[in-house]
Novice: 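I have a structure here, written as structure tokens, and I will follow up with some questions on it.
The shown structure was predicted, so the numbers you read here are calculated from the model rather than taken from an experiment.
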Amino acid sequence: MDKDAIAVQRWIELPDKTKRFFEQLEAQNIETLEVVADAPAEDVTEIFVMVRNAKVIGKFFKWLIVGVLGIFLGTIMFWEGMLKVLAWFKI
């Protein structure tokens, strides 16, 4: 059996989800996967941990900024509302 026949047989045996993943890859993605496959397992694990941590920190800062802006705008709206109420009573 030649190499192409073995490769085709292995492709046929892959799950559909895996086939769809490989079909959508571009040249840059393949190069990245080759580098990851050649790297030591410890380094790859550290890279994945760093990426995960960066995503968590990014989400934290996103919600921190949204929260600070919300508090700032809410305070301004509350202050304006209080000024209107005080204007009704002419205090």
Novice: Would you give the length of the straight line joining atom CE of M50 to atom CG of D43, rounded to the nearest 0.5 angstrom?
Specialist: 10.5 Å
Novice: Is there a side-chain contact between F61 and L64 (heavy atoms, below 4.5 Å)?
Specialist: yes
Novice: Going hydrophobic residue to hydrophobic residue with side-chain gaps under 4.5 angstrom, can you get from L14 over to F21?
Specialist: yes
Novice: Return yes when atom CD of Q24 has more than 12 non-hydrogen atoms of other residues, nucleotides or ligands closer than 6.0 Å, and no otherwise.
Specialist: yes
Novice: Nearest 0.5 Å, please: how far is CZ in F22 from CD1 in I30?
Specialist: 9.0 Å
Novice: Quick check: do V35 and E31 have side-chain heavy atoms less than 4.5 Å from each other?
Specialist: no
Novice: Which pair of non-hydrogen atoms, one from E23 and one from W11, has the smallest distance, and what is that distance?
Specialist: OE2-CZ2, 3.8 Å
Novice: To the closest 0.5 Å, what do you measure between OG1 (T32) and CD (E26)?
Specialist: 10.5 Å
Novice: Is the count of non-hydrogen atoms from other residues, nucleotides or ligands lying under 6.0 Å from E13 atom CD greater than 12?
Specialist: yes
Novice: Going from CG on L83 to CZ on F78, what distance comes out if it is rounded to the nearest 0.5 angstrom?
Specialist: 10.0 Å
Novice: Using a 4.5 Å cut-off on heavy atoms from C-beta on, say whether the side chain of L33 contacts that of L25.
Specialist: yes
